[in-house]
Amino acid sequence: MIPGVTSQEPSHPRPAPPVIDDISKKIIAQLQEDGRRAYATIGKAVGLSEAAVRQRVQRLSDSGVIQIVAVSDPLQVGLLRQAMVAITVDGPLEPVADALAEMAEIDYVVLCAGRFDVLCEVVCADDDALLDLISNRIRTLVGVRTAETLMYLKLRKQSYQWGTR
């Protein structure tokens, strides 16, 4: 060991990804087309019984491979302002990302390489709520150097059907 240098194990070791076979991939594709599709219908499409599909979906869900959720249109539920906030950080990135992830208005947080350190997507009721979020909550986080806001003017595509490529 070198004096003055400490060895650190990763604080969150990444678990091995679950093995996804072709049948599970087909089930995922069926659910991405329609998350409410009946297990019996999926079973017919992939060659399994309803019970076998139910068990596989439960395993995929329990292991974190899939989530079955309703995706709402923010505008239709009164959330009129969406933006991406690109943040540069002084010091460690993860504490800033963790603090951002705790904010209800932020639905997406990613650490990245390049000009910015953290990107987050925000969905707010209106401009006043966005201003409060950025000025009083994001920019005041310890470690945040800059926060550049990229306002969404019009959404052209939003898809969650990337499948299992």
Side-chain angles (χ1 to χ4, degrees), residues 4-20 24-37 57-165:
V5 176
T6 59
S7 172
Q8 292 185 338
E9 293 296 317
S11 58
H12 303 289
R14 187 175 290 180
V19 176
I20 308 297
S24 291
K25 288 178 182 180
K26 289 177 183 176
I27 291 170
I28 292 168
Q30 290 283 311
L31 289 169
Q32 285 186 326
E33 286 177 18
D34 179 358
R36 296 177 57 188
R37 186 164 287 159
V57 169
Q58 189 64 51
R59 277 196 308 262
L60 291 166
S61 180
D62 290 347
S63 66
V65 171
I66 64 170
Q67 293 178 3
I68 300 173
V69 298
V71 178
S72 63
D73 177 349
L75 298 175
Q76 297 293 324
V77 296
L79 299 170
L80 305 178
R81 179 55 66 210
Q82 293 177 274
M84 184 69 65
V85 180
I87 299 166
T88 55
V89 174
D90 289 325
L93 305 182
E94 289 178 341
V96 172
D98 291 345
L100 293 165
E102 293 295 319
M103 297 180 189
E105 300 87 348
I106 297 176
D107 60 29
Y108 174 83
V109 178
V110 62
L111 303 177
C112 55
R115 179 175 164 199
F116 300 105
D117 299 313
V118 180
L119 294 176
C120 60
E121 183 179 56
V122 303
V123 181
C124 295
D126 54 30
D127 289 337
D128 288 336
L130 178 62
L131 177 62
D132 178 64
L133 177 68
I134 293 167
S135 293
N136 299 321
R137 295 172 53 212
I138 293 175
R139 289 182 186 261
T140 59
L141 288 174
V142 173
V144 171
R145 184 182 345 139
T146 64
E148 184 173 331
T149 305
L150 305 144
M151 303 288 287
Y152 293 5
L153 299 176
K154 189 171 189 178
L155 182 64
R156 297 299 289 189
K157 179 179 181 181
Q158 183 171 12
S159 173
Y160 298 98
Q161 295 184 349
W162 49 81
T164 57
R165 296 181 213 153

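Atom set for the values below is all heavy atoms of this structure, side chains included, hydrogens, waters and symmetry mates excluded.
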Visitor: Taking only residues two or more places apart in sequence, or in another chain, which ones meet R36 in a salt bridge (Lys or Arg N to Asp or Glu O under 4.0 Å)?
Guide: none

Visitor: How many angstroms lie between atom CD1 of I134 and atom CD of E105, to the nearest 0.5 angstrom?
Guide: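 Between atom CD1 of I134 and atom CD of E105 there are 10.5 Å.
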
Visitor: Between V123 and P74, which heavy-atom pair has the shortest distance, and what is it?
Guide: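 The answer is CG1-CB, 3.8 Å.
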
Visitor: Using side-chain heavy atoms (C-beta onward) and a distance below 4.5 Å, is M103 in contact with V122?
Guide: no

Visitor: To the nearest 0.5 Å, what is the distance between CG (L150) and CD (Q82)?
Guide: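 Reported value, rounded in 0.5 Å steps: 13.0 Å.
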
Visitor: Under the criterion side-chain contact (heavy atoms from CB on, under 4.5 Å), I'd like the reasoning laid out for I20 against L60: C-alpha separation, chi angles, the key distance, then a yes or no.
Guide: CA-CA 9 Å; I20 308 297; L60 291 166; 3.7 Å; yes

Visitor: How far apart are the closest heavy atoms of V89 and L93, and which atoms are they?
Guide: CB-CD2, 3.6 Å

Visitor: What's the spacing between Q32 CD and I66 CD1 if we round to 0.5 Å?
Guide: 9.0 Å

Visitor: List the steps and the verdict of side-chain contact (heavy atoms from CB on, under 4.5 Å) for I27 and L31.
Guide: CA-CA 6 Å; I27 291 170; L31 289 169; 4.1 Å; yes

Visitor: Where do V85 and A147 come nearest, in terms of heavy atoms and distance?
Guide: CG1-CB, 4.0 Å

Visitor: What distance separates L100 CG from I87 CD1, expressed to the nearest 0.5 Å?
Guide: 4.5 Å

Visitor: State whether the number of non-hydrogen atoms from other residues, nucleotides or ligands found under 6.0 Å of Y152 atom OH is greater than 12.
Guide: yes

Visitor: Quick check against the 3.5 Å criterion: does S135 have a side-chain atom that pairs as donor or acceptor with the backbone of D132?
Guide: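 Here the side-chain-to-backbone pair does not exist.
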
Visitor: Picking from D90, D117, T88, what satisfies side-chain hydrogen bond (donor to acceptor under 3.5 Å, both in side chains) with T146?
Guide: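 In the set D90, D117, T88, the residue that makes a side-chain hydrogen bond (donor to acceptor under 3.5 Å, both in side chains) with T146 is T88.
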
Visitor: Nearest 0.5 Å, what's the CD1-CG distance between I106 and L119?
Guide: 11.5 Å

Visitor: In Å, rounded to the nearest 0.5 Å, how long is the span from CG of D128 to CG of L133?
Guide: 12.5 Å

Visitor: Can you name the residues that form a salt bridge (Lys or Arg N to Asp or Glu O under 4.0 Å) with D107, not counting sequence neighbours?
Guide: none

Visitor: Begin from the C-alpha positions of V96 and R145 and carry the test side-chain contact (heavy atoms from CB on, under 4.5 Å) through to its verdict.
Guide: CA-CA 11 Å; V96 172; R145 184 182 345 139; over 6 Å; no

Visitor: Is it the case that the side chain of S61 and the backbone of V57 share a donor-acceptor pair, with hydrogens and angles ignored and the cut-off at 3.5 Å?
Guide: no

Visitor: For residues R81 and L131, determine if any side-chain heavy atom of one lies less than 4.5 Å from a side-chain heavy atom of the other.
Guide: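 A side-chain contact is absent here, since even the closest heavy-atom pair is not under 4.5 Å.
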
